[in-house]
Number of protein chains: 2
Amino acid sequence: MKAAVESAQTQLVKYLRERGLKRTEERMAVLREALAFDGHFEAEDLQVALRRGGQRVSRATIYRTIKLLLDANLLRRSFSSVGKQTYYENMLGSRQHEHLICVRCGRVIEFTSDFLEEALKKEAAAHGFEFKRLRIEIFGECSTCSSASLD
Amino acid sequence: MKAAVESAQTQLVKYLRERGLKRTEERMAVLREALAFDGHFEAEDLQVALRRGGQRVSRATIYRTIKLLLDANLLRRSFSSVGKQTYYENMLGSRQHEHLICVRCGRVIEFTSDFLEEALKKEAAAHGFEFKRLRIEIFGECSTCSSASLD
DNA sequence: ATCTATGCAAATTCTTTGCAACATG
DNA sequence: CATGTTGCAAAGAATTTGCATAGAT
């Protein structure tokens, strides 16, 4: 995983150089913290993590950098549908995974399915699309919540 | 489709009665307009459509009613990822369908797959979840855009 | 009558932007 | 030293909420 982190950093540096953008401490720090998350996180989580590490990065820069990292394919938007914030996750452990979300308590369970991925890639191809990525979300009530709902 | 609209209205009335909520003109009007949309729409589209039909319904009520309709299973959130608004679609033509989205031009193509639905319902069950609904989004570049990107 | 709904405007939340000071290539 | 970058605070956009009034059961 160490190697993957380094390669992500290299990838960012390359991305920046290629378009005449600058390698700043803030950008590298945001990437570092983003890579440190295991699961999903939101903009504020990043800022908190950075602050905890002694880095003060403004909210504006966090947002600007997130955009950059999305474009550089170092982050992806995670599941989308709880609350109004946007959730992200890094592309390490790049195993594509999907989300099963409890609509009551917000608990999120990840699952994977090569077979679904394949089927969806074919679907894209069938419509002449060049496949980029996919997102699958299943909403339901987790066992805890559904047994608690005797209201 | 006429019948489906009526049944949706009945469903709302029942939903309201069951929880001691009131059958108001606004709620019925919002439902009526929501059912009139063929594809996806957002909160403002609803308000515009209502106004066009001579109904003045406040933004607050639109939002409050959308929540109600979501909960009553008369609407669902549509694809999620272009811009920051939320898109909805009614449950008529209740054929569950999913979205294939061009990340360049925003074109949205709908597709269906019973077989994927089944597989995902099983996935939910396997984790002890009571299945509610699902969303599948495939992102890619449509043929028009990918041939235009010779940059 | 009672209790829920609505409209309005203010408040929130998340995200973006303008601008002056600053840092990188 | 020319540009791109940052932080700050203000601006925006979408959605929510408090409260007084209106309306449904």
Side-chain angles (χ1 to χ4, degrees), chain A residues 9-10 12-34 40-51 53-72 75 77-88 106, chain B residues 9 12-34 40-51 53-72 75 77-88:
Chain A
Q9 292 174 333
T10 309
L12 175 57
V13 171
K14 176 162 168 265
Y15 174 93
L16 293 172
R17 194 170 34 220
E18 281 176 357
R19 32 212 103 195
L21 302 178
K22 290 170 180 168
R23 169 186 179 144
T24 64
E25 266 200 38
E26 289 84 350
R27 284 172 178 168
M28 298 315 282
V30 169
L31 174 62
R32 188 186 327 118
E33 292 304 334
H40 51 87
F41 56 88
E42 41 181 301
E44 181 167 21
D45 297 329
L46 263 184
Q47 192 172 32
V48 170
L50 283 160
R51 192 170 293 145
Q55 290 261 0
R56 226 181 297 85
V57 179
S58 74
R59 198 64 146 233
T61 295
I62 302 269
Y63 280 112
R64 289 188 277 230
T65 306
I66 284 175
K67 272 194 187 157
L68 218 68
L69 298 180
L70 285 171
D71 191 60
L75 289 187
R77 277 180 230 278
S78 182
F79 60 89
S80 56
S81 323
V82 187
K84 63 178 84 175
Q85 334 67 319
T86 308
Y87 292 97
Y88 307 92
Chain B
Q9 292 175 332
L12 176 56
V13 171
K14 177 163 167 266
Y15 174 92
L16 294 171
R17 195 170 34 220
E18 281 176 356
R19 32 211 102 196
L21 303 178
K22 290 168 181 172
R23 171 187 178 143
T24 65
E25 267 201 37
E26 288 85 350
R27 283 172 179 168
M28 297 315 284
V30 170
L31 174 62
R32 188 186 326 117
E33 293 305 334
H40 51 87
F41 57 87
E42 43 181 299
E44 180 164 23
D45 297 329
L46 263 183
Q47 192 171 33
V48 170
L50 283 160
R51 192 170 293 145
Q55 288 263 358
R56 228 181 299 84
V57 179
S58 74
R59 200 61 148 235
T61 296
I62 303 267
Y63 280 113
R64 288 187 277 230
T65 306
I66 285 175
K67 272 192 188 162
L68 219 67
L69 298 179
L70 286 171
D71 190 59
L75 290 187
R77 277 178 231 278
S78 181
F79 59 89
S80 56
S81 323
V82 189
K84 63 179 84 175
Q85 335 66 322
T86 308
Y87 293 99
Y88 307 92

**Prompt:** Taking N and O atoms by type only, does the side chain of A/R64 place a donor or acceptor under 3.5 Å from a partner on the base of D/dG4?
**Reply:** no
**Asked** What nucleotide among D/dC8, C/dG25, C/dG7 has an atom nearest to a side-chain atom of A/A60?
**Response** D/dC8
**Prompt:** In whole Å, what is the span from the CZ atom of A/R23 to the P atom of C/dA23?
**Reply:** 17 Å
**Request:** Examine C/dT6: is either OP1 or OP2 under 4.0 Å from a nitrogen or oxygen in the side chain of B/R27? Give yes or no.
**Result:** yes
**Asked** Within this structure, what is the CG-to-P distance between A/L46 and C/dC14, rounded to whole angstrom?
**Response** 14 Å
**Asked** Is atom CD of A/E18 surrounded by more than 12 heavy atoms (other residues, nucleotides or ligands) closer than 6.0 Å?
**Response** yes
**Distance below 4.0 Å between A/K22 side-chain N/O and C/dC22 OP1 or OP2** = no
**Asked** Which atom names give the shortest non-hydrogen contact between B/H40 and B/S78, and what distance separates them?
**Response** CB-OG, 3.7 Å
**Request:** Consider the side chain of B/T24, meaning its heavy atoms from C-beta on, and name the nucleotide among C/dT6, D/dT6, C/dC14 that approaches it most closely.
**Result:** C/dT6
**Asked** Do B/F41 and B/L75 come within less than 4.5 Å of each other through their side chains, counting heavy atoms only?
**Response** yes
**Request:** Check the distance between C/dT13's P and A/E42's CD and give it to me in whole angstrom.
**Result:** 13 Å
**Message:** Of the listed nucleotides (C/dT4, D/dG7, C/dT16), which one gets closest to any side-chain atom of A/V57?
**Reply:** D/dG7
**4.5 Å side-chain heavy-atom contact, B/L50 and B/R32** = no
**Asked** Between B/Y63 (OH) and D/dG18 (P), how many Å, whole number?
**Response** 18 Å
**Asked** Rounded to whole angstrom units, what separation is found between the CD1 atom of A/I66 and the P atom of C/dT16?
**Response** 9 Å
**Message:** Just the rounded figure in Å: distance from C1' of D/dA10 to CZ of A/R59.
**Reply:** 16 Å
**B/E25 vs B/T86, nearer the 5' end of DNA chain D by closest nucleotide** = B/T86
**Item:** Rounded distance (Å) that lies between atom P of C/dT24 and atom CE of A/M28
**Value:** 13 Å
**Nearest-Å distance for atom pair CG/C1', residues A/L21 and D/dT3** = 11 Å
**Prompt:** Does any donor atom in the side chain of B/D71 or B/Y15 lie under 3.5 Å from an acceptor atom in the other side chain?
**Reply:** yes
**Request:** Measure from the side chain of B/T61, starting at C-beta and using heavy atoms only, and say which of D/dG4, C/dT6, D/dT16 lies closest.
**Result:** C/dT6
